[in-house]
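Quick note: residue numbers are just sequence positions, from 1.
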Amino acid sequence: MGHPGQTRSKQHAVVLALGVLTLLYLFAKSQSSVTVSSGSKSVIEGSLVGSDTELKLYRQSTRFPKQIWQTWKYAPSDVRFSAKLLRTTKTWRSLNGEYIHEILDDDMASSLVHQFYAAIPEVIEAYVSMPKPILRADFFRYLILLARGGVYSDVDTIALKNVDEWLALGMSDAGLVVGIEADPDRPDWHDWYARRVQFCQWTIYAKKGHPVLAHIVSHITTETLRRKATGKLELARTKESGSQIMDWTGPGIWTDTIFNYLEGTTWKDITGLQKGMLVKDVILLPITSFSPGVGAMGAHQPDHPHALVQHTFEGSWKPEDERHVG
């Protein structure tokens with residue numbers, strides 16, 4: 001039988017998770033207008049939710065927002081924003097001229113979290129309590145897509161095709177597009193990856209309010225506040241920290257959340273996937289789509305018809321010899 005304190009802690013975590021998830025679906029009644037400026041340019045103008053004062057629940061029939069979000073430690077105008085990243089981010093603007101393209105620095109991202117989630121202080125508390133920038137960067141991509149929708153892609157990715165071309169095979173009624181990051185058919189896969197088949201989160205395309213995003217934001221919020229309450233926020237100072245990141249905010253928990261939503265679909269159903277498939281309202285793309293050119297796990301080269309985004313790993317926290325094992 002568990003210790004009474006442990007039981008109460010688990011009960012509190014369950015209650016918090018349910019409460020946060022409910023708020024995420026119903027939150028708003030907060031600001032009717034959000035404007036954040038970066039220099040002289042307005043980054044976000046107008047309302048979080050349009051003309052309404054409440055966040056609309058996810059609607060599968062709506063169009064994907066023509067918005068591209070990217071984040072980095074510094075703004076592109078900062079001399080510390082490298083020439084390599086200027087080149088990679090330019091590809092997104094060049095191929096998607098009809099899309100609004102935002103590159104947010106850390107301060108701007110934090111400002112948006114505080115404004116978009118003002119009605120859910122637990123989310124803000126979790127965000128500011130995270131001990132490492134990589135955790136906040138992971139969390140932010142889910143938060144911005146939940147609130148606004150569109151494409152999130154890391155600044156060290158190269159756009160290979162216009163985003164409109166991602167919705168192939170008549171899948172325009174989908175609400176979320178994800179790609180396979182890793183599909184390592186080897187017995188020691190767990191030494192290199194969080195899951196046997198793992199979805200990448202360096203590029204995600206979503207309609208705002210999608211349930212997968214609501215669930216992962218709820219989970220990360222609950223887990224972070226649990227760690228804070230129990231004095232376990234700090235990451236291990238060993239190689240184990242990588243696994244902790246992947247399961248806290250990274251591709252491990254992201255993959256779990258997607259599979260939970262798909263109800264019955266497992267990695268065995270998509271290992272070796274060669275073309276996009278629609279499950280419920282989620283488009284699952286093969287490894288070539290977001291990970292071309294890695295030279296492993298069946299990924300083709302960036303000139304392949306299914307290749308959409310190439311990750312250069314300029315900003316990766318993983319050592320180079322651990323990035324493409326397959």
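At least one donor-acceptor pair closer than 3.5 Å links the side chain of Ser129 to the backbone N or O of Glu125. Checking side-chain atoms of Lys208 against main-chain N and O of Arg59 turns up no donor-acceptor pair under 3.5 Å. Using modelled atom types, one side-chain atom of Thr89 and one backbone atom of Leu85 make a donor-acceptor pair closer than 3.5 Å. Although no hydrogens or angles enter the test, the distance criterion places no donor-acceptor pair under 3.5 Å between the side chain of Glu181 and the main chain of Pro251.
At least one side-chain heavy atom of Leu285 sits under 4.5 Å from a side-chain heavy atom of Val177. Between Asp154 and Arg141, some side-chain heavy-atom pair lies under the 4.5 Å cut-off. Here the side chains of Arg93 and Ile103 are in contact, with some heavy-atom distance below 4.5 Å. Proximity of His306 to Lys275: side-chain heavy atoms (C-beta onward) are separated by under 4.5 Å at one or more points. Residues Val217 and Leu143 meet the side-chain proximity criterion, which asks for heavy atoms closer than 4.5 Å. Contact check for Thr71 versus Val155: no side-chain heavy atoms found under the 4.5 Å cut-off. Side-chain atoms of Ile283 and Leu176, non-hydrogen and from C-beta on, never get closer than 4.5 Å to each other. In this structure the side chain of Thr88 never reaches within 4.5 angstrom of the side chain of Glu314, judged on heavy atoms.
To the nearest 0.5 angstrom, Phe81 atom CZ is 8.0 Å from Trp72 atom CH2. Separation of atoms NZ (Lys73) and CG (Asp107) is listed at 13.5 Å; rounding is to 0.5 Å. Remark: Asp164 CG to Leu95 CG distance equals 11.0 Å, nearest 0.5 Å. Rounding to the nearest 0.5 Å gives a distance of 9.5 Å between CD1 of Ile120 and OG of Ser218. Separating the CG atom in Asn260 from the CD1 atom in Ile253 is a distance of 7.5 Å, to the nearest 0.5 Å. Atoms NZ and CE, on Lys228 and Met130 in that order, are 11.5 Å from each other to the nearest 0.5 Å.
Put simply, the residue from Phe290, Tyr152, Phe313 that forms a ring-ring contact (aromatic ring centres under 6.0 Å, His included) with Trp202 is Phe313.
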Stepwise ring pair (Phe, Tyr, Trp, His ring centres under 6.0 Å) check, His101 with Tyr99
CA-CA 6 Å; His101 180 215; Tyr99 280 67; 9.9 Å; no
Show your working on salt bridge (charged side-chain N to carboxylate O under 4.0 Å, His left out) between Glu234 and Arg227 and close with a plain yes or no.
CA-CA 9 Å; Glu234 293 301 321; Arg227 287 172 174 265; over 6 Å; no
Does Lys84 form a salt bridge (charged side-chain N to carboxylate O under 4.0 Å, His left out) with Asp156? I'd like the steps, not just the answer.
CA-CA 8 Å; Lys84 288 183 178 179; Asp156 56 353; over 6 Å; no
Assess the residue pair Asp106 and Arg136 against the criterion (salt bridge (charged side-chain N to carboxylate O under 4.0 Å, His left out)); give the C-alpha distance rounded to whole Å, side-chain angles, the decisive distance to 0.1 Å, and a yes or no.
CA-CA 9 Å; Asp106 287 348; Arg136 288 190 294 275; over 6 Å; no
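A search for side chain to side chain contact (heavy atoms under 4.5 Å, CB included) contacts involving Ser153 returns Gln70, Trp92, Val151, Thr157, Thr203, Val309, not counting sequence neighbours. The side chain to side chain donor-acceptor pair (under 3.5 Å) check on Thr288 picks up nothing, with sequence neighbours excluded. Judged as a side chain to side chain contact (heavy atoms under 4.5 Å, CB included), and not counting sequence neighbours, the contacts of Asp281 are Tyr58, Gln60, His210, Tyr261. Under the side chain to side chain contact (heavy atoms under 4.5 Å, CB included) criterion, Arg80 pairs with Tyr74, Asp78, sequence neighbours left out.
For the pair Ala194 and Gly252, the tightest heavy-atom approach, listed with the atom from each and the gap, is CB-CA, 3.7 Å. Of all non-hydrogen atoms in Leu104 and Met108, the two that sit nearest each other are CD2-CG, 3.5 Å. Of all heavy-atom pairs spanning Ala147 and Phe116, the tightest one is CB-CD1, 3.8 Å. Between Phe139 and Ala126, the closest heavy-atom pair is CE2-CB, 4.2 Å. Of all heavy-atom pairs spanning Leu235 and Ser241, the tightest one is CB-CB, 4.2 Å. Across all their heavy atoms, Ala206 and Pro65 have their closest contact at O-CD, 3.8 Å.
Using a 3.5 Å distance cut-off with no hydrogens or angles, the side chains of Asp183 and Gln198 do not pair a donor with an acceptor. Side-chain contact of Tyr193 with Asp191: a donor-acceptor pair under 3.5 Å is absent, judged by distance alone. Neither side chain, Tyr117 nor Glu122, offers a donor N or O lying under 3.5 Å from an acceptor on the other.
There is no path of hydrophobic side-chain contacts, each under 4.5 Å, that joins Trp189 to Val294. By the rule that hydrophobic residues join a cluster once side-chain heavy atoms approach within less than 4.5 Å of another member, Leu233 and Leu135 end up as members of one cluster. In the hydrophobic clustering of ILVMFWY residues, with side-chain heavy atoms under 4.5 Å counting as a link, Leu262 and Ile204 come out together.
In the hydrophobic clustering, Ile158 connects to Leu160, either directly or through intervening members, whenever side-chain heavy atoms lie under 4.5 Å apart.
Below 30°, between 30° and 60°, or above 60°: for Phe199 and Phe259 the angle between ring planes is between 30° and 60°, a tilted geometry.
Legend: side chain to side chain donor-acceptor pair (under 3.5 Å) pairs involving residues 246-256, not counting sequence neighbours, sorted by first then second residue: Asp138-Thr249, Arg195-Asp247, Arg195-Asp256, Thr224-Trp248.
Counting non-hydrogen atoms of other residues, nucleotides and ligands closer than 6.0 Å to NZ of Lys132 gives a total of 12 or fewer.
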